[in-house]
Student: 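Could you have a look at this structure, given as structure tokens, before my questions?
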Number of protein chains: 2
Amino acid sequence: MSKDLPRACPAVTARPLYQQVHDYLLGRIVTGEWQPGDYLPSEQRLAASLGVALGTVRRALDELAEAGVVERRQGRGTAVLRHSSDRARFRFFRLVGPDGARIVPTGRVLAARRRAARAGEARALGLSPSALVLGLTRERRVGGRALVHETIALPLPLFARLDLPVGQDLAEELYVLYQHDCGVTVARAEDRISPEAAPVAVARSLGIAPGTPILRIRRIAFGLDGVAVEHRISRSARLDYAVAIE
Amino acid sequence: MSKDLPRACPAVTARPLYQQVHDYLLGRIVTGEWQPGDYLPSEQRLAASLGVALGTVRRALDELAEAGVVERRQGRGTAVLRHSSDRARFRFFRLVGPDGARIVPTGRVLAARRRAARAGEARALGLSPSALVLGLTRERRVGGRALVHETIALPLPLFARLDLPVGQDLAEELYVLYQHDCGVTVARAEDRISPEAAPVAVARSLGIAPGTPILRIRRIAFGLDGVAVEHRISRSARLDYAVAIE
DNA sequence: GAGTGGTCTAGACCACTAG
DNA sequence: TAGTGGTCTAGACCACTCC
């Protein structure tokens, strides 16, 4: 418990102490020293081992909790957040039914194969052109009806160990599997929503007429270290995308 | 400077002190005691006059700043945020061009008339059926081309003093005018995005073929006091809606 | 009862802004 | 130079969880 903060020359580093502690703790999480579900040492212990005040550690931990990296529970401790936890569950799922209720569709992977990245995927993921990705085609269903059609690209060295049952319903969300199988935690995402006339293949999958207006949602997801880890295009005709602007 | 917090019986109120301070300060802003642009008393003064520690006031002010109610500047003080400030400017504008760049279109009100609220508007705004609203039709243009078509409903006693030049470009965003003319500060909004085939009137306005797939964005905006103050439907064929999920 | 995070206090020093 | 918010420290007490 004698890990020290890498203290830089104070002239060089104008960064506040609590940010340095934040980054230091995040670093230990990124490297896998603390796995999802693990409890960190208590605030007291961290403060003592780092040689800073309790309040400084608290602020760093509060910001990690704010960013969804960590979950704090009074009386228990501070744990690295799992994507399967209740708190993380709906964070990245923004589609709602006509009545505004959150939908929990079943996900089924229709196809998974290694292929060259398409131009847009390579650009978004920061890969060299035609780098290898794992390409997934996926449907989300409610009550036997397909509501969402997804095309997903995952950079391949990173996701080589992803273990997917093709053609049957997944019990877990994909992000839970990313974390469990490949040690990839999705920390942040950027969505872009455009209108589109349903392409033929998508229309057939969703059971609508080709050309029907649909939502096309392009997502780029980023890991804890800020690197892009997923390119996803979701298409839906019957669900709305909900955003709260606070 | 002898304003006291309304201290309730400690058995009844389990609410933390800093939340009580937060609500107390927000209340004084809502009533207009501090206008947008006004500086609040310093943390020291507030803490002294409320009889609480500096850290407690700081936490309350930090949360008001987080919520976009207030803006803090080192050396200056803490001021009630204006919608015209740089910080507030893009908070509620989420449409971007094909290249991902934020667009700053010009807004022009085509029509403004008092009318009965439509069913959906009345429900969203919490009005009695067929209550009176100010109905606006508006276009947002870039380079002479209409990119967004909007239908806006504003509950009428509240927005009676709204002063809008019809048919010419607006120098300010609408929310700035809400705040300036009517004392209404938009603090929060909920957007729902659906796909739609462009209705005839909208298609003509946007210069596209009727039936073209477009985005239909329904917004309900809320004031500082949590009451719904605006119902807005924006339609666009050429812009994307951008969301960052942190 | 021991240990954890949540709240509240008190005071010091620094960085920035303004006159 | 005076006043502001930003950072950092130190310590107290409480609410909650678990054994």
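A, B, ... follow the sequence lines: proteins, then strands. Residue 1 opens every chain. All of these numbers come straight from a predicted model, not from anything done at the bench. All values below come from the heavy atoms of this structure, side chains included, with hydrogens, waters and symmetry mates left out.
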Student: Once salt bridge (Lys or Arg N to Asp or Glu O under 4.0 Å) is applied, do any residues pair with B:R82, and if so which ones, sequence neighbours excluded?
Tutor: none
Student: Report yes if the side chains of B:R188 and A:I245 come closer than 4.5 Å at any heavy-atom pair, otherwise no.
Tutor: no
Student: When you look at CZ of B:R87, are more than 12 heavy atoms from neighbouring residues, nucleotides or ligands closer to it than 6.0 Å?
Tutor: no
Student: Whole Å only: how far is the CG atom of A:L61 from the C1' atom of C:dG6?
Tutor: 13 Å
Student: Please determine if a side-chain N or O atom of B:Y18 lies less than 4.0 Å away from the OP1 or OP2 oxygen of C:dC8.
Tutor: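 Answer no for this pair, as no side-chain N or O of B:Y18 is under 4.0 Å from OP1 or OP2.
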Student: Taking OP1 and OP2 of C:dG3, is either one under 4.0 Å from a side-chain nitrogen or oxygen of A:S42?
Tutor: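 So the side-chain polar atoms of A:S42 never come under 4.0 Å of the phosphate oxygens OP1 or OP2 of C:dG3.
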Student: Starting at CD of B:E43 and ending at C1' of D:dT7, how long is that distance when rounded to a whole Å?
Tutor: 12 Å
Student: Before you tell me yes or no, could you show the steps for A:V133 and A:L127 under side chain to side chain contact (heavy atoms under 4.5 Å, CB included), namely the whole-Å CA-CA distance, both residues' side-chain angles and the distance that decides it to 0.1 Å?
Tutor: CA-CA 9 Å; A:V133 298; A:L127 303 176; 3.8 Å; yes
Student: Between atom CG in A:L40 and atom P in C:dG5, what is the gap in whole Å?
Tutor: 9 Å
Student: Using five pairs at each end of the helix from C:dG1-D:dC18 to C:dA18-D:dT1 to define an axis, what is the angle between those two axes, to 10°?
Tutor: 10°
Student: Rounded to whole angstroms, how far apart are CZ on B:R59 and P on C:dT9?
Tutor: 12 Å
Student: More than 12 non-hydrogen atoms from neighbouring residues, nucleotides or ligands closer than 6.0 Å to CZ on A:R108, yes or no?
Tutor: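 Yes - once you tally the heavy atoms of other residues, nucleotides and ligands closer than 6.0 Å, there are more than 12.
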Student: It should be established whether A:R76 places a side-chain nitrogen or oxygen under 4.0 Å from OP1 or OP2 of nucleotide D:dC18.
Tutor: yes
Student: Tell me whether the side-chain N/O atoms of B:T78 come closer than 4.0 Å to OP1 or OP2 in D:dG5.
Tutor: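 Affirmative; the distance criterion is met.
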Student: Provide, to the nearest angstrom, the distance between the CD atom belonging to B:Q44 and the C1' atom belonging to C:dC13.
Tutor: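 Distance check: B:Q44 CD to C:dC13 C1' gives 13 Å.
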Student: Can you measure B:L50 atom CG to C:dC8 atom C1' for me and round it to whole angstrom units?
Tutor: 14 Å
Student: So, OP1 or OP2 of D:dT7: does either fall under 4.0 Å of a side-chain N or O from A:T56?
Tutor: no
Student: May I ask you to evaluate whether B:R58 reaches the phosphate of D:dG6, defined as a side-chain N or O under 4.0 Å from OP1 or OP2?
Tutor: yes
Student: Could you work out, with side-chain hydrogen bond (donor to acceptor under 3.5 Å, both in side chains) as the rule, every residue matching A:S234, not counting sequence neighbours?
Tutor: A:E150
Student: Without decimals, in angstroms, what is the distance between B:Y39 OH and D:dT4 C1'?
Tutor: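 Result: 10 Å.
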Student: Should A:W34 and A:L25 count as side-chain neighbours, where that means a heavy-atom distance under 4.5 Å?
Tutor: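 Heavy-atom side-chain distance check passes, below 4.5 Å.
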Student: If you take any heavy atom closer than 4.0 Å to DNA chain D, which residues from residues 62-75 of chain A end up in contact?
Tutor: A:Q74, A:G75
Student: Do any N or O atoms of the protein come closer than 3.5 Å to N or O atoms of nucleotides 10-12 of chain D, and which pairs are they?
Tutor:
none

Student: Do the side chains of B:R192 and B:R219 get nearer than 4.5 Å, heavy atoms only?
Tutor: no
Student: Who pairs with A:E173 by salt bridge (Lys or Arg N to Asp or Glu O under 4.0 Å), at least two apart in sequence or on another chain?
Tutor: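 Salt bridge (Lys or Arg N to Asp or Glu O under 4.0 Å) check on A:E173 returns A:R140.
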Student: Could you check whether A:Y241 and B:D191, counting side-chain N and O atoms only, form a donor-acceptor pair closer than 3.5 Å?
Tutor: no
Student: A side-chain contact here means heavy atoms from C-beta on lying under 4.5 Å apart; do B:I152 and B:L174 qualify?
Tutor: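 A side-chain contact exists here, since the closest heavy-atom pair is under 4.5 Å.
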Student: Rounding to an integer number of Å, can you tell me how far B:D38 CG sits from D:dT4 P?
Tutor: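 Taking CG of B:D38 and P of D:dT4, I get 16 Å after rounding.
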Student: Just by distance, with hydrogens left out, do B:Y175 and B:E230 show a side-chain donor and acceptor under 3.5 Å apart?
Tutor: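 Per modelled atom types, B:Y175 and B:E230 side chains form a pair under 3.5 Å.
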